[in-house]
There are 2 protein chains.
Amino acid sequence: MKKETILFKKGRNIFNEGEKVKGIFFLYTGSVKVYKQWGDQKQLILRFAKEGDILGHRGLGGVDVYPIAATALEDTKACFITNDFLEATLKTNPSFTYKLMHFYATELQKAEQRMRNLAHMEVKGRIAEALLELCDVFGTDEHKYISVAVSRQDIASYAGTTYETVFKFFTELIQKKIITTSGKTIKINNAAKLKQYISGHEK
Amino acid sequence: MKKETILFKKGRNIFNEGEKVKGIFFLYTGSVKVYKQWGDQKQLILRFAKEGDILGHRGLGGVDVYPIAATALEDTKACFITNDFLEATLKTNPSFTYKLMHFYATELQKAEQRMRNLAHMEVKGRIAEALLELCDVFGTDEHKYISVAVSRQDIASYAGTTYETVFKFFTELIQKKIITTSGKTIKINNAAKLKQYISGHEK
DNA sequence: CGAGTCGTTGAAAGAATTCAACTTGTGTGG
DNA sequence: CCACACAAGTTGAATTCTTTCAACGACTCG
């Protein structure tokens with residue numbers, strides 16, 4: 001037993017928080033949200049992943065249960081790699097280990113950057129950041145719309161705020177023509193103005 | 001040039017955010033805060049480190065400047081390891097690389113845990129968490145006081161809140177005899193009650 | 001003995017969430 | 001094809017939590 005390709009339908013859970021770690025995934029196609037739960041209702045989305053990204057690597061630290069959950073945002077194909085195979089590869093292929101270590105280091109930096117933002121940036125800034133991040137991760141289609149339809153609830157969960165707050169800020173942004181929406185997809189018209197909401201917040 | 005031991009006086013910066021990465025540090029003695037700046041006045045403390053901990057390892061991800069700063073909380077001795085030496089060790093010693101990778105994976109988990117807390121936990125919970133974390137990292141002296149005197153400002157920066165808010169909550173905790181203070185040091189009398197402020201927050 | 005800093009406190013202001021209502025859309029069954 | 005029920009989208013107002021501001025007393029340093 002080594003690798004196998006699995007298809008996850010849109011909305012399906014790939015793995016759950018607290019579930020025993022069985023291995024890691026490489027995404028072939030599709031997109032995924034990775035998140036942590038808080039109470040019943042609230043979640044914090046840690047990261048969006050797309051083709052080429054690794055998933056479930058958080059299972060490698062100490063404990064043997066996933067500290068996070070992952071759900072497919074659209075139909076997603078992933079290659080599953082068992083722990084045994086992964087461990088064997090790490091042992092025989094030091095340069096792979098080295099690369100993976102660098103990957104972790106980068107992820108850590110990003111996580112800490114975001115930690116600071118969650119702590120000190122105001123909500124509008126965090127939502128603006130979330131939009132730019134989505135654009136960055138998923139890219140845009142031929143009409144400059146963000147390629148994946150992410151719900152406002154998910155944007156809220158990513159920015160660490162509520163659905164309504166996102167909604168109200170979106171209304172403001174649309175009025176100012178900084179973004180445009182069409183159904184569930186979003187277009188950023190003016191990234192520069194969006195970034196103004198982020199800035200270093202000096203009074 | 002390989003390793004050298006350096007002494008940092010209390011309050012001294014070990015390295016600054018944006019500074020070019022020169023290597024990493026292992027702490028022999030003392031304690032350190034690792035933080036990110038926000039604007040002029042605000043900072044978010046990411047982590048407290050003590051003897052035996054690694055410092056500056058965030059410099060390994062992609063960019064070659066430290067994404068964070070570190071300051072000694074008390075007189076601290078550290079062993080400095082240059083990048084060259086570190087890289088050489090990583091290349092010749094795969095099991096070290098493997099361990100370092102695991103270390104990163106664990107740090108990443110902790111960071112994401114804390115991210116969720118910053119996003120969804122209310123302030124009192126975050127302060128309570130900060131106290132328990134301090135206790136966990138630094139341990140207590142013979143009178144059960146936390147071994148290192150950390151300023152309330154630093155606790156605020158760790159919990160992502162303001163000095164005054166920490167102060168007021170401390171007053172409440174002291175009244176309820178959940179903690180005791182003596183000068184700048186703190187004793188936790190009732191960890192269980194402190195944890196109540198953290199809980200899963202279901203209404 | 002001021003000047004200034006730090007610790008302490010209360011009150012005001014502000015930001016975001018929550019709540020509740022209303023509108024729109026969707027689907028089901030008559 | 002219409003009527004009704006239910007879910008989802010939209011909005012404003014009230015509430016809550018936290019921060020900010022300002023003032024006061026204590027304590028330290030020239």
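Within every chain, numbering begins at 1; the chains are lettered A, B, ... in the order of the sequence lines, protein sequences first and strands thereafter.
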With 3.5 Å as the limit, what N/O pairs link the protein to nucleotides 13-18 of chain D?
residue	atom	partner	partner atom	Å
dA13(D)	N6	K168(A)	NZ	3.4
dT18(D)	OP1	V123(B)	N	2.9

Report the nucleotide, chosen from dA22(D), dT11(D), dG7(C), that has the shortest atom-to-atom distance to any side-chain atom of T171(A). dT11(D)

Tell me whether K99(B) forms a cation-pi arrangement with F96(B), defined as NZ or CZ under 6.0 Å from the six-membered ring centre and within 45 degrees of its axis. no

dT20(D) P sits how many Å from Q153(B) CD, rounded? 11 Å

For E19(A), salt bridge (charged side-chain N to carboxylate O under 4.0 Å, His left out) partners two or more places apart: K22(A)

Give a yes-or-no answer on whether the side chains of Y98(B) and E87(A) include a donor-acceptor pair shorter than 3.5 Å. yes

Paired with Y145(B), the side chain to side chain contact (heavy atoms under 4.5 Å, CB included) test is passed by just one of T180(B), I186(B), T140(B), namely T180(B)

Assign the ring pair Y158(B) / F48(B) to parallel, tilted or perpendicular, where the plane angle (0 to 90°) is split at 30° and 60°. tilted

Using a cutoff of under 3.5 Å, can you pull out all pairs of nitrogen or oxygen atoms linking the protein to nucleotides 23-28 of chain D, with atom names and distances?
none

Base, sugar-phosphate alone, or nothing: which one does F169(B) contact when heavy atoms must sit under 4.0 Å apart? nothing

NZ/K193(A): more than 12 non-hydrogen atoms of other groups inside 6.0 Å: no

d(CZ, F170(A); C1', dT11(D)) in whole Å: 17 Å

Between C1' on dT5(C) and OH on Y163(B), what's the gap in Å once rounded to a whole number? 12 Å

Write down the distance between CZ (F167(B)) and C1' (dC6(C)), rounded to a whole number of angstrom. 11 Å

Answer with yes or no whether the side chains of T71(B) and Y35(B) bring together a donor and an acceptor at under 3.5 Å. yes

Hey, does the side chain of R152(A) come within less than 4.0 Å of dA8(D)'s phosphate (OP1/OP2), counting only N and O? no

Taking atom P of dA16(C) as reference, at what distance in whole Å does atom NE2 of H120(B) sit? 15 Å

Is there a salt bridge (charged side-chain N to carboxylate O under 4.0 Å, His left out) between R116(B) and E112(B)? Walk through the geometry before answering. CA-CA 6 Å; R116(B) 191 202 56 184; E112(B) 291 176 338; over 6 Å; no

So does K42(A) get a side-chain nitrogen or oxygen closer than 4.0 Å to the phosphate oxygens (OP1/OP2) of dT17(C)? no

Measure the acute angle between the ring planes of F80(A) and F25(A), then classify it against the limits of 30° and 60° as parallel, tilted or perpendicular. tilted

Could you tell me the separation between the NZ atom of K184(A) and the C1' atom of dG9(D), rounded to a whole number of Å? 9 Å

Quick one: E164(B) CD to dC6(C) C1', roughly how many Å, whole number? 12 Å

